[in-house]
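Comments concern the structure below.
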Number of protein chains: 2
Amino acid sequence: MLQTFFMPENEQFQRLKAYYMQLLPTLTEENWKVTEQVLKVRSFKKGELIVKEGHVCNNVSFINKGLVKMYFMVNGKEKIIGFCNELNYICDYQSFLTRKPANSFVQALENTEVVETSFDDLQMIYEKVPEANKLGRKIAEGLFLEMCEANHAQANETIIQRYRKVISDHPWLMQRVPQYMIASYLGITPEALSRIKSRVHNKKKSLVVI
Amino acid sequence: MLQTFFMPENEQFQRLKAYYMQLLPTLTEENWKVTEQVLKVRSFKKGELIVKEGHVCNNVSFINKGLVKMYFMVNGKEKIIGFCNELNYICDYQSFLTRKPANSFVQALENTEVVETSFDDLQMIYEKVPEANKLGRKIAEGLFLEMCEANHAQANETIIQRYRKVISDHPWLMQRVPQYMIASYLGITPEALSRIKSRVHNKKKSLVVI
DNA sequence: AAAACTTCTTAACCCAAATCAATAATATTC
DNA sequence: GAATATTATTGATTTGGGTTAAGAAGTTTT
């Protein structure tokens with residue numbers, strides 16, 4: 001990569017640093033240095049697996065660039081539970097925290113570059129940098145809140161509402177992933193989503209119906 | 001209550017202390033004292049609401065004794081999202097963390113005694129007792145893991161599997177709550193659960209089927 | 001013990017989405 | 001640009017759970 005020549009050595013970590021600073025404005029330069037030392041950049045080609053079912057997930061990975069999907073295999077079919085793009089963490093946090101084999105997969109949908117922190121390194125950071133626990137707490141709390149939202153939507157909204165929310169909240173998603181993956185994410189078959197789309201579309205043509 | 005006469009003043013906090021010690025074995029007596037000072041014991045009669053939709057949830061409540069249900073109202077019907085009994089925390093943690101009005105209710109299903117910590121007190125503890133952040137992180141991580149499990153079950157298991165899991169994981173639940181609440185918790189109508197039960201039962205009678 | 005209420009079961013019918021199957025529209029490869 | 005995959009649509013049929021309704025079983029009240 002010629003570009004690296006023009007970058008300061010740690011350019012690849014700047015986005016992660018900004019993310020940390022946002023969650024923990026009191027983070028000192030000194031403590032960032034400790035954290036920075038353990039970071040590793042890693043690249044995945046489109047289609048490569050970042051997390052594999054049956055293997056313990058050993059890293060939290062901050063996505064610098066790219067797009068991934070997280071899914072389970074259930075009865076030989078994949079059930080997508082989420083997409084994750086730039087400036088977000090991807091991890092089977094369940095496996096990561098419990099140190100048990102993951103029951104999910106994470107696959108790169110585009111060529112993807114991540115910044116990894118290993119489990120052991122993170123524990124070391126929690127010991128050496130006490131305020132990192134605050135960061136860890138906020139990240140866990142954030143994941144918890146995200147999951148609350150998702151759960152609530154899953155339980156209390158119709159599929160049409162959820163479909164509308166997906167396309168309004170993440171318009172880029174429609175451009176970057178095929179529709180059958182959106183269907184899997186919504187928990188329905190591609191056929192059902194196709195029918196819903198045409199239903200929504202026809203309503204628009206005829207009359208204004210919420 | 002005459003009993004209180006025979007107890008040391010903080011007897012009611014011992015269970016919570018044990019819970020903390022289990023999550024954070026390094027907790028010092030000194031730090032526990034800081035924590036203990038802000039705790040409040042509160043009792044709810046069967047039927048009383050501990051968390052109300054529309055009100056910010058201002059406490060995390062550790063259940064000393066009793067049983068509660070947490071639920072949403074959706075189209076005038078209640079959708080139970082969980083039960084919580086002795087030695088567990090009950091809280092609309094989403095409302096608690098975001099400081100926004102809760103969209104859930106928590107109601108005592110039996111006379112219930114809780115030990116409360118208010119939001120402000122907890123923030124104070126996070127400041128005064130740095131290691132409390134570690135505790136807070138672990139609690140948030142624990143809630144996250146719980147929610148992962150629930151989500152995974154919801155998405156990937158049949159209702160029959162989930163029904164079986166409920167009765168094997170929490171046999172006490174069947175004794176302490178009516179069946180229609182279990183149905184709501186499973187996300188189906190009481191009628192459907194009744195049908196499923198008879199289906200499961202008939203299978204047992206005829207042949208060994210999974 | 002009778003009355004009133006709550007909870008559970010069973011049956012008939014309905015509907016949304018799954019499944020199965022065929023075809024159409026797009027993308028990708030050669 | 002023809003051939004081949006991949007993705008999306010549409011139709012016919014099946015199915016699991018919702019809804020409605022009625023009755024049975026179990027509790028509580030009086």
Side-chain angles (χ1 to χ4, degrees), chain A residues 45-47 67 69 71-80 83 107-111 153-164 166-167 173-205 209-210, chain B residues 45-47 67 69 71-80 83 107-111 153-164 166-167 173-205 209-210:
Chain A
K45 288 254 160 67
K46 176 175 176 172
L67 176 63
K69 71 176 173 192
Y71 61 99
F72 297 112
M73 289 306 294
V74 43
N75 304 330
K77 289 171 189 164
E78 61 177 63
K79 166 75 184 86
I80 295 177
F83 302 95
Q107 187 185 36
L109 294 177
E110 302 172 355
N111 294 337
Q154 180 84 29
N156 301 326
E157 288 173 17
T158 68
I159 285 176
I160 294 186
Q161 288 174 311
R162 286 167 52 221
Y163 170 67
R164 289 210 165 109
V166 169
I167 57 178
L173 202 61
M174 309 301 285
Q175 313 307 319
R176 289 168 81 175
V177 312
Q179 183 175 303
Y180 71 88
M181 289 190 188
I182 312 267
S184 172
Y185 176 57
L186 290 172
I188 57 177
T189 58
E191 294 93 328
L193 179 53
S194 181
R195 277 188 267 255
I196 284 164
K197 273 177 66 178
S198 73
R199 227 159 72 208
V200 170
H201 203 246
N202 289 335
K203 275 195 188 166
K204 273 189 193 157
K205 262 196 263 180
V209 184
I210 299 285
Chain B
K45 287 254 162 66
K46 176 175 177 173
L67 175 64
K69 71 177 176 194
Y71 60 99
F72 296 113
M73 289 306 295
V74 42
N75 303 330
K77 288 172 190 164
E78 61 177 64
K79 165 78 183 84
I80 296 177
F83 301 94
Q107 187 185 35
L109 294 177
E110 302 172 356
N111 293 338
Q154 181 85 27
N156 300 327
E157 289 172 17
T158 67
I159 286 175
I160 294 186
Q161 288 174 311
R162 286 168 51 223
Y163 171 65
R164 287 209 167 110
V166 168
I167 57 178
L173 203 60
M174 308 300 285
Q175 312 308 319
R176 288 168 81 175
V177 313
Q179 184 174 301
Y180 71 87
M181 287 190 190
I182 310 267
S184 172
Y185 176 57
L186 290 172
I188 57 177
T189 58
E191 294 90 332
L193 179 53
S194 185
R195 277 189 285 237
I196 285 162
K197 272 179 66 179
S198 72
R199 227 159 71 208
V200 169
H201 203 248
N202 288 336
K203 276 195 188 169
K204 274 190 193 158
K205 262 196 265 181
V209 184
I210 305 279

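Every chain is numbered from 1, with letters handed out A, B, ... down the list of sequences.
- Phosphate contact (OP1/OP2 of dT6(C), side-chain N/O of Gln179(B), threshold under 4.0 Å): absent.
- Map Arg195(B) and Met181(B) each onto its nearest nucleotide of DNA chain C; the residue landing nearer the 5' end is Met181(B).
- Here the CD1-OH distance, from Ile196(B) to Tyr163(B), works out to 9.0 Å after rounding to the nearest 0.5 Å.
- In this structure, Leu193(B) reaches neither bases nor backbone, as no heavy-atom distance under 4.0 Å exists between it and the strands shown.
- Between Ile188(A) atom CD1 and dC15(C) atom P there is a gap of 20 Å when expressed in whole angstrom units.
- Distance Tyr163(A) OH to dA16(C) P: 19 Å, rounded to the nearest Å.
- With values rounded to the nearest 0.5 angstrom, Glu191(B) atom CD is found 10.0 Å from Leu193(B) atom CG.
- Remark: Lys197(A) is not in phosphate contact with dA8(D), judged by side-chain N or O atoms under 4.0 Å from OP1 or OP2.
- Atom P of nucleotide dA17(C) and atom OH of Tyr180(A) are separated by 22 Å, given to the nearest angstrom.
- Distances shorter than 4.0 Å separate none of the side-chain N or O atoms of Ser194(A) from OP1 or OP2 on dA8(D).
- Straight-line distance from the CD1 atom of Ile196(A) to the C1' atom of dA8(D): 14 Å, rounded to whole Å.
- Comparing Glu191(A) and Ile159(A) along DNA chain C, the residue whose closest nucleotide (by nearest heavy atom) sits nearer the 5' end is Ile159(A).
- Contact check, Thr189(A) against dA18(C): a side-chain N or O comes under 4.0 Å of OP1 or OP2.
- Side chain of Arg162(B) to backbone of Glu157(B): no donor-acceptor contact under 3.5 angstrom is found.
- When the P atom of dA8(D) is taken as reference, atom CE of Met174(A) falls 9 Å away, rounded to whole Å.
- Of the N and O atoms on the side chains of Lys46(A) and Gln107(A), not one donor lies less than 3.5 Å from an acceptor on the other residue.
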